[in-house]
Amino acid sequence: MPKKPPTRKKRKTTTKRRWLRWLLLVLASALISLSVYTLYLDQLIQKKFEGQRWSVPSRVYARPLELYPQRPLTVENLRSELDLAGYQPSANGLEPGSYRHNAGRFIISTRAFRHWDGEEPAHSIKVQIQSGKIQQLSDVDSGRALSLLRLKPVEIGTINPAHREDRILVRLAQLPAILPMALQAIEDRKFARHRGIDLQGIARASWVNLRAGRVVQGGSTLTQQLVKNFFLNSQRTFSRKFNEAIMALLLESRFDKQDILEAYLNEVYLGQDGNRAIHGFGLAARFYFNKPAQELTLAESALLVAIVRGPTYYDPRRHPQRAIERRNQVIEILHRDGIIDSTQTAAALASPLSVTPRPNRGESRYPAFMGLVKQQLAQHYRDQDLRSEGLRIFTTLDPVVQQITEQAMIKQLKQLKQRQPERATLEAAVVVSRLGSAEVSAMVGAAKPQYRGFNRALEMRRPVGSLLKPAIYLTALAQPQHYTLASLIEDEEINLPQADGSIWSPANYDHTSHGAIPLITALAQSYNQAAVKLGMELGLRSVVDTLQQLGINNQIPPYPSIMLGSLELSPLAVAQMYQTLADRGYYTPLRAVREVLNAQHQPLQRYALETEKRFSPAAVYLLNEALRRALRQGTGKRIGAQLPSTLSLAGKTGTTNQLRDSWFAGFGSEYLGVVWLGNDDNLVTGLTGASGALPIWAALMSQLEGNLEPLPAPPEIIYKVVDSESGLLADTGCESRFELPFIDGSQPQASAPCRNSREWGMLERLKGWFK
Amino acid sequence: MRYCALILLLTLSGCSTLPTPPKDQQQSLSAADTLLAQADTKAANGEIQQAIAVLERAVRLQPRNAQAWLRLAELYLSQGEYRKAEQFAGRAEQFAAGDRTLIRRSKIVIKQAHEGQRGRD
């Protein structure tokens, strides 16, 4: 039997019920999805808020300046160090981060700093400098003499996250109390009382905006602003507002006010430095005032709070008038709210903006050196970690040495370019390192040192010319039974058949051959034919071996032409090679990084000093003696002879075919320097090593080197007077003689026939008359 | 065993350095000496890596401070790092400038490092 169709009324109620059921279902599912969504947002918030909240760039520091009595240090160098480190001159020098200077007497109030091996507390110190030395060092408070202390190192750059946000994290407790108070007074008066959103505030803002017909006032709480910056994009859509409100409520329910405020203080965007975004008050204090946030004054704090509303619009460097007006509004609100008294208000209103004139460039003022730092770190760290983990990287850069290096180079380049305008494109690279520790003190990679592109000191490879010759001569001198500085070397025409059937016939720079000459003269005068002759005698393989022992890691092609420097090396590689000579046969890898601390200031890694004996110190001593004469009497004479005789300097010129590259590499008692000049397109420069690179090196070394005594000769070294023609022991009759060092036992045994030879010469002449 | 060697070395190094100066003279300790003393304290507390770092700081201040190089060599020896011990002792000898005690101690480290290396082979 068919079912009876429902009546109309009944059908109506069923439809109603069905609707109701649907509605309930929709509502329930909406509620469920909202709860699920809220749970999801909650997870999101917790995950981000409890984990590492920000990718923090790694900060890179120069070497800390060590102060101790008797340290060589000029007044100018100490002042530039203090300026670079952001110390402010003041009347008494007693506020942290300030100094006073008067005729060599400094009072410096240092800032506390956590070094790799411990905390250096803040103190006020008295430093007295006289005749280029620290004469006295004492603590101002106790009056006690101090034997040693370190200044906080200058920050030289950051390794930024990919999104270019930079920040220095600060704890709420570290900030001057006025700063968070001012922030609340301006941005969110009810922060302490609301639960994430301020309905009254929203209503008021809506009313104001409605009347104005545009958005003039924001009703967002600090919590909402934080949520917006932290989790959401900046679109003004309803859904975003909705999310923002829920998340603000969630955030407040999960975390306490102090936590939220601290996060806000670190998150907020406060300015722009090129493509680097300045976030948080920690970095803003550095960026605008070049000081730590702890040291912000009332007026400075008010300015930073004023900027929050519009970092571009109120940029104190670009729009000082706007910025100061808004800052003063902030100060007046603080006064109105009873946070500061009238005296404070008047003083703050009267104070200038006092922002530093130029932003302290984040990326680095020292791009070449930073390149080296990154290269060294790349061996142990992933790029991503360097950009996000907030590491603190302690390097070997000496900002004062760097400054001297840059100035010496710029001055010489200017002169060279003035003399010949076609040298306008001349490029340069310099590496300076310290003897003993082999730490790189300075590096320049371009004629414009702040240029961020091609780093010639590190990435460029050029033929080194005669810079290579010491490797040949060291190979010889390491065999004292066969070679001494007095050994005669044939400087004569030489023809070497090449693999391709051609003949290689190297010529000397002056296009003459000099016959049999002592080894030391051959090197000091940099004769090509003698060098190749000696090299072939020793065997190419052993010369290549010496190069590798000196620290050249590159593949070295076994062609005879490498002996005249067809081998292409970077200035850094040349520095490594000469470092082994400067350290008397001990190979010590050049380093740019000392230590790495993690974001919690815990030691992560230390790059320990390494050293390895590769050559007999006595053999290297002989070679260095030849390099000393090369500078003073040989190819470097024109400049070298003028350098103060108190400096113990040695070095070698390098010039490549048709004067394309101009090199000089050499060292004193404390520093080593390598200078290269040339054109990127390899065009002729018209410069020899002596006329181009050497003057820069000389200017550099005469400023860097103190009057440290030369290191005494190794015990097996003895000195003998030798006849320069025969290389034999000289007697009084010899016209041209010089004193040379020998490894004891290797000195010539026979005497030169000087007296005889003169008589013999006379005989010859007599014979001539009778012919 | 390692600790015995360390203690022995510390005693040895204690012998050849000057006795601790009286209180009023302590302030005139040179910077390098201050660091050497610091390193000794750290080494005695077993903080070897810290002691090495302090000695490297001394080498930075005075690259020719033979004492600093020698202490580094001795610490490496105590750690069984014989190759490093030998090399650093070589540097100490290089800078000894005729100081007989120092040369003798460097030679002892080199000899012990050789023995250690041989023992390992």
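Chain A is the first sequence line, chain B the second, and so forth, proteins listed ahead of strands; every chain is numbered from 1. FYI, side chains are in, hydrogens and waters are out, and symmetry mates aren't considered; it's all heavy atoms of this structure.
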Identify, with sequence neighbours excluded, every residue that meets salt bridge (charged side-chain N to carboxylate O under 4.0 Å, His left out) alongside A/Arg628.
A/Glu625
To the nearest 0.5 angstrom, please state how far the CZ atom of B/Phe88 sits from the CD atom of A/Glu610.
7.0 Å
Donor-acceptor pairs are to be reported for all side-chain atoms of residues 53-62 of chain B against protein atoms at under 3.5 Å, with residues two or more places apart or in another chain.
residue : atom : partner  : partner atom : Å
B/Glu56 : OE1  : A/Arg606 : NH1          : 2.9
B/Glu56 : OE1  : A/Leu609 : N            : 3.4
B/Glu56 : OE2  : A/Arg606 : NH2          : 3.4
B/Glu56 : OE2  : A/Leu609 : N            : 2.9
B/Arg57 : NE   : A/Glu66  : OE1          : 3.1
B/Arg57 : NE   : A/Glu66  : OE2          : 2.9
B/Arg57 : NH2  : A/Glu66  : OE1          : 2.8
B/Arg60 : NE   : A/Glu439 : OE2          : 2.9
B/Gln62 : OE1  : B/Asn65  : ND2          : 2.9

Taking atom CD as the centre, does A/Gln602 end up with more than 12 heavy-atom neighbours from other residues, nucleotides or ligands that are less than 6.0 angstrom away?
yes
Closest non-hydrogen contact found for A/Gly436 with B/Pro63 is CA-CB, 4.1 Å
Give the minimum heavy-atom separation between B/Ala31 and A/Ser147, together with the two atoms involved.
CB-O, 3.6 Å
Interatomic distance, B/Gln38 atom CD to A/Leu148 atom CG [nearest 0.5 angstrom]:
7.5 Å
Roughly how far, to the nearest 0.5 Å, is the CD atom of B/Glu93 from the NZ atom of A/Lys613?
7.5 Å
Greatest number of non-hydrogen atom pairs under 4.5 angstrom with chain B, of A/Thr396, A/Leu435, A/Leu711, A/Leu137, falls to A/Leu711
Can you name the closest pair of heavy atoms from B/Tyr76 and A/Ala608 and give their distance?
OH-CB, 4.3 Å
Smallest heavy-atom separation, B/Arg91 atom then A/Thr611 atom, equals NH1-OG1, 2.7 Å
Within a strict 4.5 Å, meaning less than it, do heavy atoms of the B/Ser30 and A/Gln70 side chains meet?
no
Please look at A/Arg594 and chain B and tell me whether the side chain, the backbone, both or neither of the residue comes under 4.5 angstrom of a heavy atom of that chain.
side chain
